[in-house]
Amino acid sequence: MSDLHELEQRATVELQACGDEPSLRTWHTKYFGDAGEVKTALNGIGKVPKEQRAAYGKEANRIKEVLNAAFDAALAAEKDRAIERSLTADAVDVTLPGRTVPRGRLHVATQTLREIYAIFADMGFQVYRTREVESDENNFELLNMPPHHPARDMWDTFHTTTPGVLLRTHTSPGQIHVMRQSAPNPVRVILPGMCYRYEQITTRSEIMFHQVEGLAVGEGITMADLKGTIQAFARRLFGQERQIRIRSSYFPFTEPSIEVDVDWPMTDPDAVRLTKGTGWLEIMGAGMVHPTVLRNGGYDPEKFSGFAFGMGPQRIAMLRYGIDDIREFWKNDLRFLQQF
Ligand code: PHE
């Protein structure tokens, strides 16, 4: 009997010392496993002298019930504590802001180009791309500038080591490509792309920059069509109240040639700087396609006419966003790029 009491006390103390589920399981095996002490005690009932057997057996069974109940209670309590621990230790704070994934974006020049494409697409102009490495013939001669023509000085040129091959100084040679491919059908295209000039890099000029050329050729196209197209474009891009102003100019491949300004509200704090105090801002060169150029493109100038224009979308982006240095476009400085 004293063995039984010693067993009960020891088992109870050990059970209370168990701090986690594995130690509880170990405790259970020690006392209730096949060779466990409680099992052994119960199996030993038969060996107890007859007169003590009933009392011993009763006590052994009582201890078995008590310890079993204590184990079940301890295990349940431990499971509760484990859940409680995991709730506090691994708590997810759903109110924390997430980690932001850095998102890429289109370059401000690309954004501006795409806006320009969309406006002209609405007016029925297709986008047409032509080469950046050009022949002298396309870049100058067929645009009505024979060798040594003084107007070539308007475009400082990167020549290559191959005679007659250069980097195009404007998108106008694209006019020749389109016309030769399309004649005698009418055309209505814009020609976007990179151009190159052998110039000093400053805040206002880069050696490489985008242009968007426009060309419409057909029967009965007049200066009024050119004016209407440019006006509609300027209003879509800069605002419906915008006025345009046309000044006479000179390009060898257009006749007459014009330059187009858009009015700039003098209420804008940058207006004086942007417009040099005039309230007008130059946005493009343009004109009616020169008869010689039409002929070089495969059209009979007696029957066909057309207009062309050329603009610098980066200059337009600079005006719209107040960018004061064209070199920012190629610097790849994220602090600049992320603003758009
Ligand atoms: N190619 C001219 C330039 O680069 C712009 C232009 C294009 C003018 C088409 C008239 C017609 O300055």
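In this chain, residues are counted from 1 in sequence order. Every number for a ligand or one of its atoms is a count from 1 in the order of the listing. Both backbone and side-chain heavy atoms feed into the values below; hydrogens, waters and symmetry mates do not.
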Worksheet item: Is the shortest distance from a Lys or Arg side-chain nitrogen in R236 or E115 to a carboxylate oxygen in the other one below 4.0 Å?
Response: no
Discussion item. Any carboxylate oxygen within less than 4.0 angstrom of a Lys/Arg side-chain nitrogen, looking at D136 and R152?
Written reply: yes
Item to complete: Quick one: look up the protein heavy atom nearest atom 3 (C) of ligand 1 and list residue, atom name and how far away it is.
Response: W155 NE1, 3.6 Å
Worksheet item: Going by heavy atoms, is Q211 under 4.0 Å from ligand 1?
Response: yes
Item to complete: Measure the distances from the heavy atoms of R197 to every atom of ligand 1 and state whether one is below 4.0 angstrom.
Response: yes
Practice prompt. Output the list of atoms in ligand 1 that are nearer than 4.0 Å to some heavy atom of G285, sorted by atom number.
Written response: 6 (C), 8 (C), 10 (C)
Discussion item. Within ligand 1, which atoms have a heavy atom of G310 less than 4.0 Å away?
Written reply: 6 (C), 7 (C), 9 (C)
If we set the cut-off at 4.0 Å for heavy atoms, which region of [X] has an atom near ligand 1: side chain, backbone, both, or neither?
X	value
F309	backbone
E213	side chain
C195	neither

Discussion item. Any nitrogen or oxygen of T169 lying under 3.5 Å from a nitrogen or oxygen in ligand 1? Just yes or no.
Written reply: no
Worksheet item: Does the separation of the ring centres of F158 and Y196 fall below 6.0 angstrom?
Response: no
Worksheet item: For the rings on F120 and F309, is their centre-to-centre separation under 6.0 Å?
Response: yes
Worksheet item: Relative to W280, does R247 satisfy both conditions: NZ or CZ under 6.0 angstrom from the six-membered ring centre, and within 45 degrees of the ring's axis?
Response: no
Discussion item. Does any part of the side chain of I283, heavy atoms only, come nearer than 4.5 Å to the side chain of D261, both counted from C-beta?
Written reply: no
Worksheet item: Looking only at heavy atoms, what is the nearest atom pair of Q175 and A308, with distance?
Response: NE2-CB, 3.4 Å
